[in-house]
Trainee: 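I am attaching a structure below and will ask some questions about it afterwards.
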Amino acid sequence: MSASPEMTSSLFYTTLAPLRSAVPGSVPGAGGGGLVMTPMEPNVTSCEEWEEAHHLLFHVGNLSLLLGLVIPTTLTLHMILLRLMLMTGSCLFITWATLYRCNLDVMVWNVVFLLVNFMHFFYLVYKRRPIKIDRELKSVYKRMFEPLHVREALFQRLTGQFCTIQSLKKGQVYAAEDKTSVDERLSILLKGKMKVSYRGHFLHNIYTNAFIDSPEFRSTQMNRGEKFQVTIMAEEYCKFLCWSRERLTYFLESDSFLNEVFRYLIGKDITNKLYSLNDPTLTDKAAKKMERQPSLCSQVSMMQMRNSMGSTSDTDDILNQIHRGGSSGSSHPVNQPTLSDHTLP
């Protein structure tokens with residue numbers, strides 16, 4: 001049984017009921033003036049025939065949007081690539097709307113999208129610009145901070161606002177025993193070599209890329225107003241990076257990641273200094289004198305020699321080993337703190 005033409009036509013479109021408008025006039029049987037209801041054109045709600053496919057630019061533009069949305073977030077540059085693909089799609093839509101559709105509203109909206117995405121793209125690229133680190137600080141960054149995943153921008157913030165690079169000539173004193181306050185600064189040696197002594201006895205040297213006063217910084221975090229109990233002197237021309245202690249402490253309190261980095265670096269530096277105190281091969285005549293007097297480290301309390309640096313939990317075990325071992329402590333290696341001791345986020 002064949003379908004009627006009316007049934008076939010209803011498969012392609014549907015219509016709403018005709019709307020009737022009220023037009024002033026006479027209605028038959030109403031005896032004169034009144035309203036006449038006249039039917040209007042039917043309102044078509046679905047397509048009777050589909051248009052041909054749009055130009056290739058339209059499809060390439062949509063493909064660009066799709067590629068931008070499926071970029072995995074595990075990629076380092078995924079946000080930059082996303083903005084780049086969105087900008088490409090907008091450019092293609094603008095070209096399509098201008099040259100092939102002559103459609104003003106499509107063109108205007110895509111110009112707006114292009115501008116918004118370009119601003120985001122520029123900001124993201126700007127954030128990833130290469131940071132220029134001062135030549136004198138490159139070695140410190142590469143040796144101490146970069147292995148702990150401190151970014152150049154964060155290192156620049158750390159060293160660019162409240163620290164200075166200072167120098168000492170050979171024989172000048174960085175800190176004098178029982179005279180210099182420990183509350184003022186924290187420093188890293190950039191160039192040269194310094195000697196640490198206690199009451200005229202040589203203790204150890206400080207070399208480049210090492211903290212100068214890390215034991216004092218750690219031991220006096222809770223107790224202020226103390227003095228250095230050692231003398232630190234430049235054995236040759238020295239340069240060092242110096243932070244204001246108060247401002248550095250405030251800055252570290254506002255950045256938990258960098259605070260953990262400093263705790264680890266200072267703990268490791270203290271351990272290295274404790275190693276060197278018991279190392280019988282320190283250098284020249286001072287080492288030979290220590291070999292003849294191996295009880296120096298046991299005669300003088302470590303707490304006195306480096307300003308109570310063993311009062312913290314990081315160095316208690318190390319101090320106990322050195323106190324028990326005396327001069328033989330160098331034959332019993334001390335475990336250096338690892339990154340797991342101060343977990344970084």
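We're numbering straight along the sequence, starting at 1.
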Trainee: With heavy-atom distances below 4.5 Å as the criterion, would you say the side chains of I270 and R218 are in contact?
Mentor: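 A side-chain contact exists here, since the closest heavy-atom pair is under 4.5 Å.
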
Trainee: May I ask you to test the L186-I266 pair for a side-chain heavy-atom distance under 4.5 Å?
Mentor: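 Side-chain contact under 4.5 Å: yes.
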
Trainee: Should M85 and I71 count as side-chain neighbours, where that means a heavy-atom distance under 4.5 Å?
Mentor: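 Answer yes - side chains close enough.
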
Trainee: Find out whether the Lys NZ or Arg CZ of R151 is both under 6.0 angstrom from the six-membered ring centre of F257 and within 45° of the ring's axis.
Mentor: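 No, R151 does not sit over the ring of F257.
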
Trainee: When you look at N205 and M194, which way does the side-chain contact (heavy atoms from CB on, under 4.5 Å) test go after all the steps?
Mentor: CA-CA 6 Å; N205 287 320; M194 291 184 173; over 6 Å; no

Trainee: With a 3.5 Å distance limit and no angle check, can you tell me whether S181 reaches the backbone of D183 through a side-chain donor-acceptor pair?
Mentor: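 Pair found, side chain donor or acceptor close to backbone of D183.
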
Trainee: Hey, could you give me the CG/CG distance between L158 and L252, rounded to the nearest 0.5 Å?
Mentor: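 If we round to the nearest 0.5 Å, L158:CG and L252:CG are 7.0 Å apart.
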
Trainee: So, for W243 and F217, is the gap between ring centers shorter than 6.0 Å?
Mentor: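 No, the ring centres sit 6.0 Å or more apart.
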
Trainee: So which heavy atom on V150 is nearest to which on Y141, and how close?
Mentor: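 That would be O-OH, 2.7 Å.
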
Trainee: Might you work through the side-chain contact (heavy atoms from CB on, under 4.5 Å) test for Q156 and I133, ending with a clear yes or no?
Mentor: CA-CA 7 Å; Q156 189 179 52; I133 298 177; 5.7 Å; no

Trainee: Take E253 and L258 through the test side-chain contact (heavy atoms from CB on, under 4.5 Å) and record every step on the way to the result.
Mentor: CA-CA 9 Å; E253 288 176 352; L258 204 55; over 6 Å; no

Trainee: On the ring face of Y250, is R247 found with NZ or CZ under 6.0 Å from the centre and within 45° of the axis?
Mentor: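 No, a cation-pi geometry is absent between R247 and Y250.
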
Trainee: Is there a path from M119 to L84 through hydrophobic residues (I, L, V, M, F, W, Y) whose side chains come within less than 4.5 Å of each other?
Mentor: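 No, M119 and L84 fall in different hydrophobic clusters.
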
Trainee: So S187 and L241, do their side chains get closer than 4.5 Å, heavy atoms only?
Mentor: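 In short, these two side chains do not touch, never coming nearer than 4.5 Å.
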
Trainee: Run the ring pair (Phe, Tyr, Trp, His ring centres under 6.0 Å) test on Y100 and F58 for me, step by step, so that the C-alpha distance in whole Å, both residues' side-chain angles and the decisive distance to 0.1 Å come before the verdict.
Mentor: CA-CA 10 Å; Y100 298 99; F58 177 81; over 10 Å; no

Trainee: Taking atom OG of S90 and atom CG of N117, what is their separation to the nearest 0.5 Å?
Mentor: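 The OG atom of S90 sits 5.5 Å away from the CG atom of N117.
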
Trainee: Donor-acceptor pair, R143 side chain versus K138 backbone, under 3.5 Å?
Mentor: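 No, the answer is negative, given that no donor and acceptor are paired below the 3.5 Å cut-off.
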
Trainee: If you take all heavy atoms of C163 and T159, which pair is closest and at what distance?
Mentor: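 That would be SG-O, 2.9 Å.
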
Trainee: If we count only N and O atoms by modelled type, under 3.5 Å, do the side chains of N209 and Y207 hold a donor and an acceptor together?
Mentor: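 Y207 and N209 do not have a side-chain donor-acceptor pair below 3.5 Å.
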
Trainee: Looking at every heavy atom in both I206 and I232, which two are closest together, and how far apart are they?
Mentor: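 Residues I206 and I232, closest heavy atoms: CD1-CG2, 4.3 Å.
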
Trainee: Compare every heavy atom of L114 with every heavy atom of M87, then report the nearest pair and how far apart it is.
Mentor: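 It is O-CD1, 3.7 Å.
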
Trainee: Mind running side-chain contact (heavy atoms from CB on, under 4.5 Å) on T231 and S197 for me, showing each step along the way?
Mentor: CA-CA 5 Å; T231 296; S197 60; 3.8 Å; yes

Trainee: Are Y123 and F118 grouped together when hydrophobic residues (ILVMFWY) are joined by side-chain heavy atoms under 4.5 angstrom apart?
Mentor: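 No; F118 is not reachable from Y123 via cluster members.
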
Trainee: Flag the pair F240 / Y174 as yes when their ring centroid distance falls below 6.0 Å, and as no otherwise.
Mentor: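 Yes, the ring of F240 comes within the 6.0 Å limit of the ring of Y174, centre to centre.
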
Trainee: Report yes if the side chains of E177 and F228 come closer than 4.5 Å at any heavy-atom pair, otherwise no.
Mentor: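 No; the side chains remain at least 4.5 Å from each other.
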
Trainee: Is K193 salt-bridged to E235, going by a charged N under 4.0 Å from an acidic O?
Mentor: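 A salt bridge links K193 with E235.
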
Trainee: Between the side chain of S254 and the main-chain N/O of F251, is any donor-acceptor distance below 3.5 Å?
Mentor: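 Yes, the answer is positive, given that a donor and an acceptor are paired below the 3.5 Å cut-off.
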
Trainee: To the nearest 0.5 Å, how far apart are CG in L86 and CG in L81?
Mentor: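 CG of L81 is found 11.0 Å from CG of L86.
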
Trainee: Do Q166 and R185 come within less than 4.5 Å of each other through their side chains, counting heavy atoms only?
Mentor: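 A side-chain contact under 4.5 Å exists here.
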
Trainee: Has D213 got a side-chain atom pairing as donor or acceptor with E216's backbone, closer than 3.5 angstrom?
Mentor: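 Not a single qualifying donor-acceptor pair exists.
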
Trainee: Atom CG in L189, atom NZ in K239: separation rounded to 0.5 Å?
Mentor: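 Spacing of CG (L189) from NZ (K239) equals 12.0 Å.
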
Trainee: Might you point out which heavy atoms bring K142 and E146 nearest each other, and give the distance in Å?
Mentor: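 K142 and E146 have their closest heavy atoms at CD-OE1, 3.1 Å.
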
Trainee: Quick one: are V106 and R101 in side-chain contact, heavy atoms under 4.5 Å?
Mentor: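 The answer is no; the side chains never approach within 4.5 Å.
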
Trainee: Does one hydrophobic cluster hold both M233 and V182, with members joined at side-chain heavy-atom distances below 4.5 Å?
Mentor: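 Each belongs to a different hydrophobic cluster.
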
Trainee: Tell me the closest heavy-atom pair linking L168 and A234, and the distance in Å.
Mentor: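 The answer is CB-CB, 4.1 Å.
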
Trainee: For the atom pair CZ (F113) and CZ (F93), what is the distance rounded to the nearest 0.5 Å?
Mentor: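 Here the rounded value is 10.0 Å.
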
Trainee: Between K273 and D269, does any side-chain N to carboxylate O distance fall below 4.0 Å?
Mentor: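 Counted as a salt bridge, because a side-chain N and a carboxylate O are separated by less than 4.0 Å.
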
Trainee: Do S64 and L92 have side chains that approach each other closer than 4.5 Å (heavy atoms only, starting at C-beta)?
Mentor: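 S64 reaches L92 side chain to side chain.
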
Trainee: Angle between ring planes, H54 versus W96, binned at 30° and 60°: parallel, tilted or perpendicular?
Mentor: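 Taking W96 first and then H54, their aromatic rings stand perpendicular (interplane angle over 60°).
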
Trainee: Examine distances only and state if a side-chain atom of H201 and a backbone atom of Y198 form a donor-acceptor pair shorter than 3.5 Å.
Mentor: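 No; zero donor-acceptor contacts below 3.5 Å.
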
Trainee: Can you tell me how far apart NZ (K268) and CE (M144) are? Round to the nearest 0.5 Å.
Mentor: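 If I round to the nearest 0.5 Å, the distance is 8.5 Å.
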
Trainee: Starting from I131, can I reach L77 by hopping between I/L/V/M/F/W/Y residues whose side chains sit under 4.5 Å apart?
Mentor: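 No, no single cluster joins them.
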
Trainee: Hey, any chance V116 and F121 share a hydrophobic cluster, counting ILVMFWY side chains that come within less than 4.5 Å of each other, even indirectly?
Mentor: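 No, no single cluster joins them.
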
Trainee: Got a sec: does the OH of Y237 have more than 12 other heavy atoms crowding it under 6.0 Å?
Mentor: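 Enclosed: over 12 neighbouring heavy atoms sit under 6.0 Å from OH of Y237.
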
Trainee: Are there over 12 heavy-atom neighbours, none belonging to R135, within less than 6.0 Å of that residue's CZ?
Mentor: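 Atom CZ in R135 is not packed in, count stays at 12 or less.
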
